[in-house]
Amino acid sequence: MLAIEDSLTLGLAPRPPPYYAAGICEVTTVVEIRAVGDAMEMALALLESGDVVAIPTETVYGLAADATNGVGVARIFEAKGRPRFNPLIAHVADLAMAERIALFDPLSKRLAQAFWPGPLTLVLPQRSGNGIHPLVTAGLDTIALRMPKGFGGELIARLGRPLAAPSANSSGKISATTAEAVAADLGPRIKLVVDGGATPVGLESTIVKVEGARLRLLRPGGIAAGDIEAVAGMPLLRGSEGIEAPGMLASHYAPGAAVRVNAGKIAKGEALLAFGGRRAEGWQGAVAFRNLSVSGDLREAASNLFAHLQDLDHSGAKTIAVEPIPFDGLGEAINDRLSRAAAPRDRAATRDRAATRDKIDTGQ
Ligand code: TXA
Ligand code: MG
């Protein structure tokens, strides 16, 4: 059981202010576009400081952050203005890094060896203790992995850690395939676009997942399904369902406990997910306690969301009461996730969830 005192030490340690390497210490309001040959050190400094960088890949431009840094990953959602926390692809430098993150079955390994680096993303079970921040996977126990070609691969190798990166476009817009398009769209919200020219593939990676002895196509993309079938030696399963709207991924982490949002009053025996410095009435009766952000910082709250929900779920409380969270900025995505967790889980809902499992969204 988690003690109330835990809140003072868990997830609340003040973070050091962002810093940048000498020469780039001003916070810029105008985004810099730098050619790949001239961008590595600045990109590394930004990633090390928990910031985001737009990078070219062979498919589309990605908006990248260190996949082990929750605040960095939260900034991705903030910069894209994504109203929902979709799971992101973690990009790796080599197969060894991928195998430290996920558990490979023989078929997935064969596909990785055949198509990496390249536009193939594999969904795999996560290895425990892999250091990936839960905001990357939206709390799932699987992870989408891919090894990009070119600058991205070098950057990841230099950083020594995987990069989480969705396409570098604001939510609802099409994926950017040039540095200029990224700058025009996300310009004021990010500091650096690494310019690698127009991306050769021009559409997102193909996503597949091994299911028992079969292989399922979760998203068509830059590698033709037929090429994957040739290497796999079997036809791809395709849901007749097609691709779902963003955020509909049905296997998103759903706590076992019931979730009660916008709680102004805490009942005895509930677990409390708090936000900010003022406590809801009756908070002393909570059997477990986490605070998303004592200072009311929505970026910090986003980075703590999945881990805190999981902690409170493990406390054994039947209900997790959640204090009101503002809707501005990342608050919209936080509230979206919480309201999904709070949605009634009757048999129909459970059936729906099973039926739509593994269908994914368009990721925009
Ligand atoms: O080519 C690409 O894949 C680009 C470049 C930047 O690498 N990235 C990209 O990411 O398209 P994004 O976030 O726009 O799309 C990621 C897709 C989403 O549809 C998401 O639902 C799915 O991957 N996804 C991520 N993790 C998943 C998981 N564990 N299970 C199933 N689907 C997952
Ligand atoms: Mg996208």
Side-chain angles (χ1 to χ4, degrees), residues 21 34-70 72-73 75-76 87-105 108-137 142-168 179 182 192-197 199-201 204-209 221-223 231 363:
R34 285 198 184 195
V36 284
D38 187 33
M40 183 61 81
E41 301 310 320
M42 183 176 179
L44 278 170
L46 287 167
L47 294 170
E48 292 280 6
S49 74
D51 212 333
V52 295
V53 179
I55 58 165
T57 82
E58 72 279 43
T59 57
V60 297
Y61 276 74
L63 187 62
D66 177 347
T68 66
N69 184 321
V73 178
R75 282 184 206 267
I76 293 177
L88 306 176
I89 297 171
H91 297 68
V92 295
D94 49 42
L95 193 54
M97 186 184 272
E99 288 190 288
R100 287 196 293 275
I101 297 171
L103 299 164
F104 277 73
D105 58 275
S108 296
K109 192 151 178 185
R110 194 141 49 85
L111 293 172
Q113 281 161 341
F115 294 108
W116 282 2
L120 176 72
T121 294
L122 296 164
V123 173
L124 297 159
Q126 291 203 64
R127 201 180 273 286
S128 62
N130 62 11
I132 298 290
H133 193 276
L135 196 53
V136 173
T137 56
T142 55
I143 186 161
L145 286 183
R146 104 173 176 92
M147 188 195 301
K149 282 187 184 149
F151 180 85
E154 287 165 42
L155 179 62
I156 298 159
R158 283 282 306 275
L159 185 69
R161 294 190 290 279
L163 290 179
S167 49
V182 178
L192 175 64
V193 182
V194 181
D195 188 354
T199 58
V201 177
E204 289 90 345
S205 60
T206 304
I207 307 181
V208 298
K209 181 185 184 193
I223 292 183
V231 171

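If you read the sequence from its start, that first residue is 1, and numbering goes on from there.
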Worksheet item: If you look at every heavy atom in Gly62 and Ala168, which pair is closest and at what distance?
Response: C-CB, 3.6 Å
Fill in: Charged N-O contact under 4.0 Å between Glu48 and Arg161
yes
Discussion item. Any heavy-atom pair between the side chains of Gln126 and Thr142 that's under 4.5 Å?
Written reply: no
Item to complete: Can you sort out the partners of Glu99 under salt bridge (Lys or Arg N to Asp or Glu O under 4.0 Å), two or more places apart, ordered by chain and number?
Response: Lys109
Item to complete: Check Ala164 against Ile76 and note the closest heavy-atom contact, atom names and distance.
Response: O-CD1, 3.5 Å
Side-chain polar contacts of residues 110-121 - donor-acceptor pairs under 3.5 angstrom, sequence neighbours left out - could you list them?
residue, atom, partner, partner atom, Å
Arg110, NH1, Val231, O, 2.7
Trp116, NE1, Leu120, O, 2.9
Thr121, OG1, Ser205, OG, 2.7

Worksheet entry | Nearest non-hydrogen partners of Ala102 and Leu145, listed with the distance | CB-CD1, 3.7 Å
Worksheet item: With side chains defined as the heavy atoms from C-beta onward, is the minimum distance between Ile156 and His91 less than 4.5 Å?
Response: yes
Worksheet entry | Pairwise distance CG(Leu135) to CG(Leu88) - rounded to 0.5 angstrom | 7.0 Å
Practice prompt. Taking all non-hydrogen atoms of both residues into account, name the closest pair between Val136 and Ala67 and its distance.
Written response: CG2-O, 3.5 Å
Fill in: Side-chain (Thr59) to main-chain (Glu204) donor-acceptor, under 3.5 angstrom
no
Worksheet item: Does the side chain of Leu44 reach to within under 4.5 Å of the side chain of Leu159, using non-hydrogen atoms?
Response: yes
Item to complete: Please report the closest heavy-atom contact between Val36 and Gly196, naming both atoms and the distance.
Response: CG1-CA, 3.8 Å
Fill in: N/O donor-acceptor pair under 3.5 Å between Tyr61 side chain and Asp195 backbone
no
Worksheet entry | Full working for side chain to side chain contact (heavy atoms under 4.5 Å, CB included) between Leu155 and Ile55 | CA-CA 9 Å; Leu155 179 62; Ile55 58 165; 3.8 Å; yes
Worksheet item: Which pair of heavy atoms, one from Gly152 and one from Pro148, lies closest together, and at what distance?
Response: C-CG, 4.2 Å
Discussion item. Less than 4.5 Å apart, side chain to side chain, heavy atoms only: is that true for Val92 and Leu163?
Written reply: no
Discussion item. With rounding to the nearest 0.5 angstrom, report the CG to CE distance, Asn130 to Met97.
Written reply: 12.0 Å
Practice prompt. Determine whether Glu154 and Lys149 make a side-chain contact, defined as any pair of heavy atoms from C-beta on separated by less than 4.5 Å.
Written response: no
Practice prompt. Run the numbers on Leu47 and Val53 for side chain to side chain contact (heavy atoms under 4.5 Å, CB included), then give the verdict.
Written response: CA-CA 7 Å; Leu47 294 170; Val53 179; 4.1 Å; yes
Worksheet item: Is Glu58 reaching over with its side chain to a backbone N or O of Pro200, donor-acceptor style, under 3.5 angstrom?
Response: no
Item to complete: Quick one: pull up CG in Asp105 and CG in Leu124 and give me the separation to the nearest 0.5 Å.
Response: 6.5 Å
Practice prompt. Could you point out which residue of Ile223, Val123, Leu122 forms a side chain to side chain contact (heavy atoms under 4.5 Å, CB included) with Val208?
Written response: Leu122
Worksheet entry | Any Ile132 side-chain heavy atom under 4.5 Å of Ile101 side chain | yes
Discussion item. A side-chain contact here means heavy atoms from C-beta on lying under 4.5 Å apart; do Arg34 and Val194 qualify?
Written reply: no
Worksheet item: Less than 4.5 Å apart, any side-chain heavy atom of Met40 and any of Arg158?
Response: yes
Worksheet, complete the sentence: When rounded to the nearest 0.5 Å, the distance separating CE of Met147 from OG1 of Thr57 is 13.5 Å
Worksheet item: Is Asp38 reaching over with its side chain to a backbone N or O of Ala35, donor-acceptor style, under 3.5 angstrom?
Response: no
Item to complete: State whether a side-chain donor-acceptor pair under 3.5 Å links Thr68 with Asp66.
Response: yes
